[in-house]
Student: 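Structure below; questions to follow.
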Amino acid sequence: MKYKINPQLAFRKIGKETFIVDTKNSYLHKLNEVGSLIWDCMKLGLSEKKIIEKILENFDVEYDTAKKDLKEFIEELKEKNIIVNDE
Amino acid sequence: MNKTFTLQKQLFLYSYKKRIPLYSVVELTYRCNLNCIHCYIPQSYRSYKELTTKEVKNVIYSIYKLGGLYLVFSGGEPFLRKDIFDLIDYAKSLNFVVVLFSNGTLITKKIAKKILKSKVDKVEISIYGDKSTHNKFVGKDVFDKVLTAICILKDFGINTAIKTVVTKENLNDFLKLKLISQKLNVELKTDFVISAKNNGDNSNLELMLEEKDLLKFFKENRLNFKNFSKKKNLKSLLCSAGFNLVCVSPKGDVYPCVAFPYALGNVKYNTFEDIWYDKNFIIKMIDKDNYKECFSCDLFRFCNRCPGMCFVETGSFYGCSKVLKRVSYVLSQI
């Protein structure tokens with residue numbers, strides 16, 4: 001599964017964090033370092049499988065934990081209309 | 001406290017500390033099809049040679065690289081630039097929040113459609129009163145056109161706001177403006193401070209409300225900008241200008257703020273990065289010894305000091321703005 005970033009959003013990586021601005025709903029969201037890495041992967045259109053690989057490359061975490069956390073993170077982004085399914 | 005508000009504060013403080021140009025204003029042109037009586041841009045500036053499309057894009061890219069997120073396209077009238085949508089599309093491709101400041105006279109259905117397509121985040125249109133007051137204020141019979149433009153923008157679902165400045169010439173129209181904004185269901189952004197012209201000409205400051213009217217206006221509109229926790233220190237005297245806010249003029253001058261026309265450099269001769277990271281300006285701004293007049297002022301607590309206004313009115317970063325002194329005095333009386 002791939003995901004598309006909501007094209008209406010503005011965002012910027014500042015330091016190690018990513019700030020996402022939803023001007024339509026007047027929200028500002030912040031992603032931490034791991035969230036920012038996932039965000040960068042999504043910008044490149046990487047699949048879930050590839051994103052997990054990137055997480056494992058960059059952080060000391062077990063495969064199952066990374067998979068579970070990524071799933072939860074994606075659900076949260078979808079809920080907030082920050083990303084939509086791409087295919 | 002609201003989460004978004006907390007994050008905004010965090011982002012503001014981080015960018016301020018790290019000198020990230022988070023907020024930027026790119027003045028695309030000094031040309032304008034109106035002649036507003038309070039405008040801070042001298043008429044003679046309208047013939048300046050403007051940055052090319054490529055040069056403006058380079059500026060936007062540099063701001064993006066340094067962490068800029070919020071971008072305002074202003075003027076003059078930005079829709080007089082033929083490449084306006086090319087520039088908007090470019091800024092949006094770099095994921096900026098893009099806001100347009102316009103007088104609304106050139107916004108037709110066709111233009112609104114393009115604005116919608118370009119995903120501009122907000123359009124702010126200036127109106128100064130009812131039909132007769134507005135037309136007198138801007139020097140042209142355009143009120144109906146501007147009102148139509150706002151309706152079109154609203155119809156297209158574009159986030160739109162009305163901007164105004166309250167002066168001696170339109171004080172009596174403020175209530176009417178409030179009604180217009182309510183009827184159109186758009187936000188009304190109000191200012192009551194006038195900036196002297198960029199060349200130091202203070203003649204437009206005569207339009208500013210006198211103390212008595214300003215006090216009445218504040219009381220009637222329940223406006224109070226007193227900051228009781230304000231401490232008598234340097235931090236209280238500084239603002240975003242040059243720290244996390246930048247302005248680029250149509251001819252490429254880099255200013256700390258749109259209201260602070262002190263050229264830090266020009267992008268035609270130096271890179272934006274070199275200009276922004278040159279510490280000379282910041283060193284001057286944080287030189288505490290130069291603010292003796294402020295520290296001994298009885299109105300310190302009531303003054304929202306704007307170094308730009310001080311600069312254009314007095315020629316010095318550290319001078320005292322008569323306009324701000326008037327506002328501070330009025331606030332001290334509330």
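Computation of the quantities below employed the complete heavy-atom set of this structure, encompassing side-chain atoms and omitting hydrogens, waters and symmetry-equivalent molecules. Chain letters run A, B, ... following the sequence lines, proteins first, then strands; residues in each count from 1.
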Student: Please check if the number of heavy atoms outside K18(B) that lie under 6.0 Å from its NZ is greater than 12.
Tutor: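 Result for NZ/K18(B): open.
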Student: Could you list the residues that satisfy salt bridge (charged side-chain N to carboxylate O under 4.0 Å, His left out) with D278(B), not counting sequence neighbours?
Tutor: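 In terms of salt bridge (charged side-chain N to carboxylate O under 4.0 Å, His left out), with neighbours along the sequence ignored, D278(B) is linked to no residue.
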Student: Under 6.0 Å from the OH atom of Y27(A), do we count more than 12 heavy atoms belonging to anything else shown?
Tutor: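 Counting other residues, nucleotides and ligands, OH of Y27(A) stays at 12 neighbours or fewer.
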Student: Indicate yes or no: at least one non-hydrogen side-chain atom of Y70(B) is less than 4.5 angstrom from one of V21(A).
Tutor: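 Side-chain contact under 4.5 Å: yes.
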Student: Can you tell me which portion of Y64(B) sits under 4.5 Å from chain A's heavy atoms? Options are side chain, backbone, both or neither.
Tutor: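 For Y64(B), the contact with chain A is made by backbone and side chain together.
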Student: Tell me whether E62(A) at atom CD has more than 12 heavy atoms from other residues, nucleotides or ligands lying less than 6.0 Å away.
Tutor: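 For E62(A), atom CD is not crowded (no more than 12 foreign heavy atoms under 6.0 Å).
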Student: Using non-hydrogen atoms and a 4.5 Å limit, figure out which bit of L69(B) sits close to chain A: side chain, backbone, both or neither.
Tutor: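 Interface part for L69(B): both.
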Student: Mind checking the NZ-CD spacing from K30(A) to Q8(B)? Nearest 0.5 Å is all I need.
Tutor: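 Between K30(A) NZ and Q8(B) CD, I get 13.5 Å after rounding to 0.5 Å.
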Student: Output the distance between atom CZ (R12(A)) and atom CG (L11(B)), rounded to the nearest 0.5 Å.
Tutor: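 Going from the CZ atom of R12(A) to the CG atom of L11(B) covers 11.0 Å.
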Student: About how many Å separate CD of Q10(B) and CZ of F19(A), when rounded to the nearest 0.5 Å?
Tutor: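 CD of Q10(B) is found 5.0 Å from CZ of F19(A).
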Student: Evaluate N95(B) against I5(A) for side-chain contact (heavy atoms from CB on, under 4.5 Å), listing each step before the verdict.
Tutor: CA-CA 11 Å; N95(B) 309 113; I5(A) 290 166; over 6 Å; no
Student: Just wondering, more than 12 heavy atoms not from K122(B) lying within 6.0 Å of its NZ?
Tutor: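 Atom NZ in K122(B) is packed in, count exceeds 12.
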Student: Crowded around K13(A) NZ? As in, over 12 foreign heavy atoms under 6.0 Å?
Tutor: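 Counting other residues, nucleotides and ligands, NZ of K13(A) exceeds 12 neighbours.
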Student: Counting only N and O atoms by type, is there a donor-acceptor contact under 3.5 Å from the side chain of T4(B) to the main-chain atoms of L28(A)?
Tutor: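 Checking the backbone N and O of L28(A) against the side chain of T4(B), a donor-acceptor pair under 3.5 Å is found.
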